Amino acid sequence: MALLILTISILGPEQLARYKDHAVLNQIVIEEADGSSEGYRYTLNSNEKLFLLSECLNHQVLPESELSAMTKAMSADMDYESLIGSYSFIINRQGPSGKEITSEEIYEVCNREIEILKERGIVPDGVKGITPSSYDAVLYSAIDVLEPQNNMSVWKVSLSTSHQNTDKANRLIDAYIDAVSGRMYEFYVRTEKIWTEMEPEKMMDEWSDYMGLSGREEYESVNPLLETTPNYMKYRFPGIEGRSTVVTIGFYDGINELFIKITS
């Protein structure tokens, strides 16, 4: 009896393990995973993306020598405590991801958005579509360096400067386009219409709805002398962490250029 018990205690667990292995080996078993431990991926809303892009555009740094950049970085006069954020607006050399508009699609998307803006009365009807032969499109990444989860990709579409004496009448000059939704954040267009023929407040109503923005309020410029045209209206939208984005709709006389630009 003692020998039997000893044999079972030695060989029993091994045989039981083999039996269980045969029950699961070469079998496909599907189980629903618990997602509670997955990391949270934050997605910027429309107001936050508008603010991020405005900060990045306003903090663009022109190319400079490494020595000059290093000298500035080592400056003893720099007040680091006053820095709220550091923003980067750089060319995306890796190209679009699977969710972003490709270089082949951006021209068609831009034309689609121009037509939508015309239908909404934001862009005058006479503005022409764009073609790859006349326009340049560059993909950029806008990143909050201190909070890198706050990032977005935008296409900058510009009338090509490689052709001299290009006719700019009734044409898109520049635009910043969301690389995912295709929406135009900022644009400059030449038109035959003049400022007195436009309804800027109604146009801003339509643009705000088109962009999916909320919380708009009128904004009085602190220093109106900084504006390069008397034809403008300013509005403010809530952004990130209590800060806001200023959106200006305006018109340059002489060249008949309508614009919507964003600043922070």
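Heads up: numbering here begins at 1 and tracks the sequence. Small disclaimer: the values here were computed from a predicted structure and weren't measured.
Every residue was checked against the salt bridge (Lys or Arg N to Asp or Glu O under 4.0 Å) condition with Glu104, not counting sequence neighbours, and none meets it. For Lys128, there are no salt bridge (Lys or Arg N to Asp or Glu O under 4.0 Å) partners at least two apart in sequence or on another chain. Partners of Glu108 under the salt bridge (Lys or Arg N to Asp or Glu O under 4.0 Å) rule, at least two apart in sequence or in another chain, do not exist in this structure. For Ser46, there are no side-chain hydrogen bond (donor to acceptor under 3.5 Å, both in side chains) partners two or more places apart in sequence or in a different chain. Every residue two or more places apart in sequence or in another chain that forms a side-chain hydrogen bond (donor to acceptor under 3.5 Å, both in side chains) with Lys234 is listed here: Glu227, Thr248. Take Glu119 and apply the side-chain hydrogen bond (donor to acceptor under 3.5 Å, both in side chains) test, not counting sequence neighbours, and it matches no residue. Thr196 pairs by the side-chain contact (heavy atoms from CB on, under 4.5 Å) definition with Ile194, not counting sequence neighbours. Evaluation of the salt bridge (Lys or Arg N to Asp or Glu O under 4.0 Å) rule for Glu192 yields no partner, not counting sequence neighbours. Legend: residues meeting side-chain contact (heavy atoms from CB on, under 4.5 Å) with Pro238, ordered by chain and number and at least two apart, are Asn47. Remark: Asp125 pairs with no residue by the side-chain hydrogen bond (donor to acceptor under 3.5 Å, both in side chains) rule, at least two apart or across chains.
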Using side-chain contact (heavy atoms from CB on, under 4.5 Å), reason through Phe187 and Leu117 one step at a time and then give a plain yes or no. CA-CA 11 Å; Phe187 64 82; Leu117 294 177; 4.2 Å; yes
Evaluation steps, side-chain contact (heavy atoms from CB on, under 4.5 Å), between Ile240 and Glu147: CA-CA 11 Å; Ile240 298 176; Glu147 298 288 343; over 6 Å; no
Would you check, one step at a time, whether the test side-chain contact (heavy atoms from CB on, under 4.5 Å) holds for Leu52 with Tyr87? CA-CA 8 Å; Leu52 174 60; Tyr87 298 88; 3.8 Å; yes
Apply side-chain contact (heavy atoms from CB on, under 4.5 Å) to Trp195 and Thr229, showing your working. CA-CA 11 Å; Trp195 181 247; Thr229 174; over 6 Å; no
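With rounding to the nearest 0.5 angstrom, the CG atom of Leu258 is 10.5 Å from the OH atom of Tyr188. Separation of atoms CD (Gln149) and OG1 (Thr43) is listed at 11.0 Å; rounding is to 0.5 Å. The CD1 atom of Ile143 sits 6.0 Å away from atom CG of Asn151, with the distance rounded to the nearest 0.5 Å. Note that CZ of Phe89 and CE of Met152 are 8.5 Å apart. Values are rounded to the nearest 0.5 Å. The structure places CG of Asp174 at 13.0 Å from NZ of Lys261, a figure rounded to the nearest 0.5 Å. With rounding to the nearest 0.5 angstrom, the CD1 atom of Ile116 is 9.5 Å from the CD1 atom of Ile122.
Ring-centre distance between Tyr176 and Tyr185: not below the 6.0 Å cut-off.
Of the N and O atoms on the side chains of Thr191 and Asn256, not one donor lies less than 3.5 Å from an acceptor on the other residue.
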All N/O donor-acceptor pairs, side-chain side in residues 200-210, below 3.5 Å, sequence neighbours left out:
{"residue": "Asp205", "atom": "OD1", "partner": "Arg216", "partner atom": "NH1", "Å": "2.7"}
{"residue": "Asp205", "atom": "OD1", "partner": "Arg216", "partner atom": "NH2", "Å": "2.6"}
{"residue": "Glu206", "atom": "OE1", "partner": "Arg120", "partner atom": "NH1", "Å": "2.8"}
{"residue": "Trp207", "atom": "NE1", "partner": "Met184", "partner atom": "O", "Å": "3.3"}
{"residue": "Ser208", "atom": "OG", "partner": "Met204", "partner atom": "O", "Å": "2.7"}
{"residue": "Asp209", "atom": "OD2", "partner": "Arg120", "partner atom": "NH1", "Å": "3.1"}
{"residue": "Asp209", "atom": "OD2", "partner": "Arg120", "partner atom": "NH2", "Å": "3.0"}
{"residue": "Tyr210", "atom": "OH", "partner": "Glu113", "partner atom": "OE1", "Å": "2.6"}
{"residue": "Tyr210", "atom": "OH", "partner": "Met184", "partner atom": "N", "Å": "2.9"}

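Of the candidates Asn58, Val154, Leu44, Leu53 forms a side-chain contact (heavy atoms from CB on, under 4.5 Å) with just one, namely Val154.
The neighbour count for Glu199 CD, taken as heavy atoms of other residues, nucleotides or ligands under 6.0 Å away, does not exceed 12. No more than 12 heavy atoms of other residues, nucleotides or ligands sit less than 6.0 Å from atom CD of Gln94.
Val145 and Tyr140 fall into different hydrophobic clusters, where Ile, Leu, Val, Met, Phe, Trp and Tyr are joined by side-chain heavy atoms under 4.5 Å apart, directly or via other members. Hydrophobic clustering (side-chain heavy atoms under 4.5 Å, transitive across Ile, Leu, Val, Met, Phe, Trp, Tyr) groups Trp155 together with Ile173. Follow the hydrophobic side-chain contacts under 4.5 Å out from Met211 and you never reach Val180; the two are in separate clusters. No continuous path of ILVMFWY side-chain contacts below 4.5 Å connects Ile90 to Ile177, so the two sit in separate hydrophobic clusters.
The shortest distance between side-chain heavy atoms of Ser134 and Arg171 falls below 4.5 Å. Side-chain contact between Leu50 and Val247: present, with at least one pair of heavy atoms (C-beta onward) separated by less than 4.5 Å.
Under a 3.5 Å cut-off, the side chain of Lys118 and the backbone N or O of Val127 do form a donor-acceptor pair.
Within the structure, the ring pair (Phe, Tyr, Trp, His ring centres under 6.0 Å) test picks out the following pairs touching residues 233-254 (sequence neighbours left out): Tyr252-Phe259.
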